[in-house]
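Numbers restart at 1 for each chain; the letters A, B, ... are given by sequence-line order, proteins then strands.
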Amino acid sequence: MITLSGLNDKQREAADTIEGPVLILAGAGSGKTRTLTYRIAHMVDNLHIPSKNILAVSFTNKAAKEMKERVHGLLGRSRSKGLTLATFHSLGLRILKKEIEHLGYHKNFSIYDTNDQLAILREGLKRYHDEKSFKREQIQTIIGKLKNAGITPDEYADSEFFDDEDPYCHATNYLYDYYQDKLKFYNAIDFDDILLLTVRLFDKKPELAQSYSEKFKYIMIDEYQDTNSLQFDLIVHLTKMHNNLCVVGDDDQAIYSFRGADITNILSFESHFPGAKVVKLEQNYRSVSPILELANEVIKENKNRREKTLWSNKKTDKKPLLWKMADSDHEAQVVVEDIVQHQRKGKHLGDIAILYRSNTQILPFEEQLRISQIPYTIIGGQKFYEKKEVKDLIAYLSVIKNKADQLSLRRILNVPNRGIGMKTLEKFIEESEDTEVDLFSAMKNNSALAESRQGKIDVFTTLITKFIDVFNENTLSEGISKLVEDIKYIEYIDKQYDSVKQAERRRNDIFQFIDSAKRFEEFFKDGATLTNFLEKLLLQDSQDPRDKEDEDDDVRTNEVTLMTLHSSKGLEFDTVYLVGLEEELLPHKRSLQEGNVAEERRLCYVGITRAQRKLVMTYCKERKIYGNNVTRHKSRFINDLDKSGFFVEQDRESFGHLGSEEEIKEYKSNFFSGLMGLLNEDAQDKEED
DNA sequence: TCGTCCGGCGTTTTT
DNA sequence: CGCCGGACGA
């Protein structure tokens with residue numbers, strides 16, 4: 001028997017309302033995950049709802065995993081068996097893997113990421129007249145928006161999105177069609193397609209939608225403020241048979257509109273689902289009250305939001321601080337100096353985060369942290385699978401799985417060097433397009449080339465064919481090891497880089513890749529197929545620390561965390577430095593141009609509400625932008641409340657954080673000796689090379 | 001087929 | 001200022 005007595009009244013109400021539509025408006029730090037997990041446990045344990053009828057959807061793997069673990073904690077493994085806790089994309093993919101043939105794709109389809117998308121668009125642009133005046137990134141964005149609006153290439157020209165006067169629309173009209181055609185030909189789908197095709201499948205086969213809706217009788221959606229219209233359509237399909245939909249979210253934390261998230265989904269929930277019950281969670285268990293008061297004050301300027309006022313039992317006299325800095329180097333110095341003080345007092349570095357609007361702000365902080373020898377970790381950035389070596393190997397695996405995957409095939413055709421160049425490739429592509437046979441088969445058929453050159457191609461096609469068997473007969477990691485050996489990939493890497501260190505790092509990536517395959521096998525046993533592995537790699541999020549895979553957990557947690565405001569959503573830290581609170585940075589220049597200041601304000605709100613006890617905000621008088629110094633102004637988000645007493649402003653210019661001349665001198669000399677130490681280290685690095 | 005030089009561009013990015 | 005991508009030459 002699960003008791004809900006540990007929840008507060010509102011949380012309990014939310015966890016105990018099971019039938020019909022429910023909207024839980026969960027303010028930052030209000031115990032949303034706790035409420036959701038108790039709700040699930042309550043349904044299974046007390047109400048005896050079969051776990052297989054429950055579906056909970058979140059946005060990230062991390063959130064899904066956390067929810068899974070916490071439900072396990074409440075129910076134990078055996079009783080939580082059968083629950084479906086997924087992300088939108090993993091759910092869609094699960095459905096497509098069974099049903100995609102209804103849409104004319106083969107079951108061994110590949111999944112393409114942003115880079116793959118751009119590669120196709122590049123070629124499309126080459127065929128389009130006046131190619132130079134269009135940027136493929138922009139076209140890609142538009143196509144993404146069209147997909148998320150559910151508009152097909154055929155429909156585009158007649159849609160509201162098409163403007164006959166706009167040359168971009170004409171280019172998009174051509175390219176969208178071209179792009180979708182290629183995907184189909186390569187038997188590939190992109191991230192947006194995962195949702196789009198699932199919805200389309202349900203549109204086309206209502207009886208299928210119905211059967212899924214009957215299976216998932218109780219549905220919960222986390223971070224509902226970030227859903228887009230496709231996800232909404234999917235939810236409508238899945239709830240059609242019962243209307244048992246519980247969504248959780250906070251409109252004040254909607255920060256992904258640039259990815260198509262539609263805040264009206266949460267704002268208009270009651271009109272989309274009549275009879276909905278709305279529960280507000282406003283008690284915050286995370287932050288001390290001065291931080292919440294500031295947060296409330298900042299966000300209340302936004303119009304068109306659901307009124308919420310967070311409150312906390314945690315009282316303190318200490319107000320949030322606002323530090324005025326000279327420039328970005330100074331900003332980093334002062335912040336890191338403050339962190340050093342923390343460390344001296346024995347505070348745990350894992351409780352500290354530096355949050356910023358844009359990745360361009362990282363550099364000075366990284367420098368200062370290194371000089372002061374403070375361990376740190378940067379969240380986000382390059383994903384593991386985006387490293388060149390890993391991508392090469394993934395491309396091999398992709399082709400072995402799906403021979404029609406032309407993009408992957410082209411990536412590896414001459415990697416390592418097989419003496420097959422563009423000329424040869426082009427001939428075969430032409431052949432492939434003319435005969436509507438996939439590129440691999442065209443190469444195997446050997447009709448485009450003279451005998452003499454065909455030899456090199458045969459080596460390649462034989463290799464791939466051979467490895468289809470190798471992967472059938474061996475485990476995943478064995479297969480990959482054999483592949484690396486067979487193509488002499490390590491030797492190839494060593495040749496590519498003259499720096500020993502670089503080659504070493506690349507080699508390491510490869511071994512790490514094989515290791516990750518091993519771990520995958522250990523975890524999934526018989527489920528560790530090539531297909532599942534590739535899927536996991538592509539859908540895995542980038543919220544793991546960069547380059548830190550090998551370290552122990554306790555080492556890892558005693559590090560200062562650096563990340564963007566976007567990445568920080570859902571997390572909390574004892575101490576938060578919210579840096580660069582300047583006009584044109586937060587709010588960002590581009591958002592100002594586009595007139596989306598409300599979202600920037602929410603971003604600021606998210607940053608403030610990450611802090612549990614200590615919040616320090618900073619801005620600079622001057623900042624280097626693309627090489628030149630530019631005068632900066634305090635962000636409107638705090639400037640508006642200047643004299644209101646919600647925070648204390650301190651001038652930290654000219655080493656103002658230190659007392660006497662003596663101290664300043666000492667600080668500077670420490671700073672420079674730190675710098676020299678670094679230079680020496682670099683020199684040593686070079687010697688090793 | 002590969003390396004080098006020049007020009008343009010520069011936000012966030014759960015999958 | 002620094003990175004990336006395209007163009008062009010050896």
Please work out if [X] contacts a base, only the sugar-phosphate, or nothing of the nucleic acid, heavy-atom cut-off 4.0 Å.
{"X": "A/Tyr256", "value": "base"}
{"X": "A/Asp226", "value": "base"}
{"X": "A/Glu535", "value": "nothing"}

Partner set under salt bridge (Lys or Arg N to Asp or Glu O under 4.0 Å) for A/Arg200, not counting sequence neighbours = none
key: salt bridge (Lys or Arg N to Asp or Glu O under 4.0 Å) partners of A/Arg259, counting only residues at least two apart   = none
Calculate the interatomic distance between [X] atom [atom1] and [N] atom [atom2]; express it in whole Å.
{"X": "A/Asp113", "N": "B/dT13", "atom1": "CG", "atom2": "C1'", "value": "13 Å"}
{"X": "A/Lys388", "N": "C/dC3", "atom1": "NZ", "atom2": "C1'", "value": "18 Å"}
{"X": "A/Leu585", "N": "B/dT11", "atom1": "CG", "atom2": "P", "value": "11 Å"}
{"X": "A/Met563", "N": "B/dT11", "atom1": "CE", "atom2": "P", "value": "21 Å"}
{"X": "A/Lys569", "N": "B/dT13", "atom1": "NZ", "atom2": "P", "value": "12 Å"}
{"X": "A/Arg601", "N": "B/dT12", "atom1": "CZ", "atom2": "P", "value": "22 Å"}
{"X": "A/Lys62", "N": "B/dT14", "atom1": "NZ", "atom2": "P", "value": "11 Å"}
{"X": "A/Asn61", "N": "B/dT13", "atom1": "CG", "atom2": "C1'", "value": "15 Å"}

Check this one for me: any side-chain N or O of [X] less than 4.0 Å away from OP1 or OP2 of [N]?
{"X": "A/Arg122", "N": "C/dG6", "value": "yes"}
{"X": "A/Asn596", "N": "B/dT11", "value": "no"}
{"X": "A/Asn359", "N": "B/dT12", "value": "yes"}
{"X": "A/Arg136", "N": "C/dG6", "value": "yes"}
{"X": "A/Thr564", "N": "B/dT13", "value": "yes"}

inquiry  = Going by side-chain hydrogen bond (donor to acceptor under 3.5 Å, both in side chains), name the residues that satisfy it together with A/Thr227, two or more places apart in sequence or in a different chain.
reply    = A/Asn265
request  = Applying side-chain hydrogen bond (donor to acceptor under 3.5 Å, both in side chains), run through A/Gln117 and A/Tyr179 and close with a yes or a no.
outcome  = CA-CA 8 Å; A/Gln117 292 182 296; A/Tyr179 171 78; 3.0 Å; yes
Residue pairs fulfilling salt bridge (Lys or Arg N to Asp or Glu O under 4.0 Å) with at least one residue in residues 24-36 of chain A, sequence neighbours excluded = A/Lys32-A/Asp222, A/Lys32-A/Glu223
remark   = Closest of B/dT13, B/dT11, B/dT1 to the A/Asn414 side chain is B/dT1
Show each protein N/O and nucleotides 5-10 of chain B N/O combination with a separation under 3.5 Å, one pair to a line.
unit_1 : atom_1 : unit_2   : atom_2 : d
B/dG10 : OP1    : A/Lys135 : NZ     : 3.4
B/dG10 : N9     : A/Tyr626 : OH     : 3.3

task = Verify the stacking flag for A/Phe258 against B/dT13: centroid separation must be under 5.5 angstrom and the ring planes must differ by under 30 degrees.
result = no
key: Ring centroids of A/His588 and B/dT11 base under 5.5 Å with planes under 30°   = yes
request  = Please state the C1' separation for the pair B/dT12 and C/dG5 - nearest whole angstrom.
outcome  = 23 Å
key: Between C/dG2 and B/dT13 - P atom distance, rounded Å   = 22 Å
query = Is the backbone N or O of A/Ser358 less than 3.5 Å from a side-chain atom of A/Gln361, with the two atoms forming a donor-acceptor pair by type?
reply = yes
inquiry  = Less than 4.5 Å apart, side chain to side chain, heavy atoms only: is that true for A/Leu407 and A/Asp405?
reply    = yes
key: With sequence neighbours excluded, residues passing ring pair (Phe, Tyr, Trp, His ring centres under 6.0 Å) with A/Phe258   = A/Tyr256, A/His566
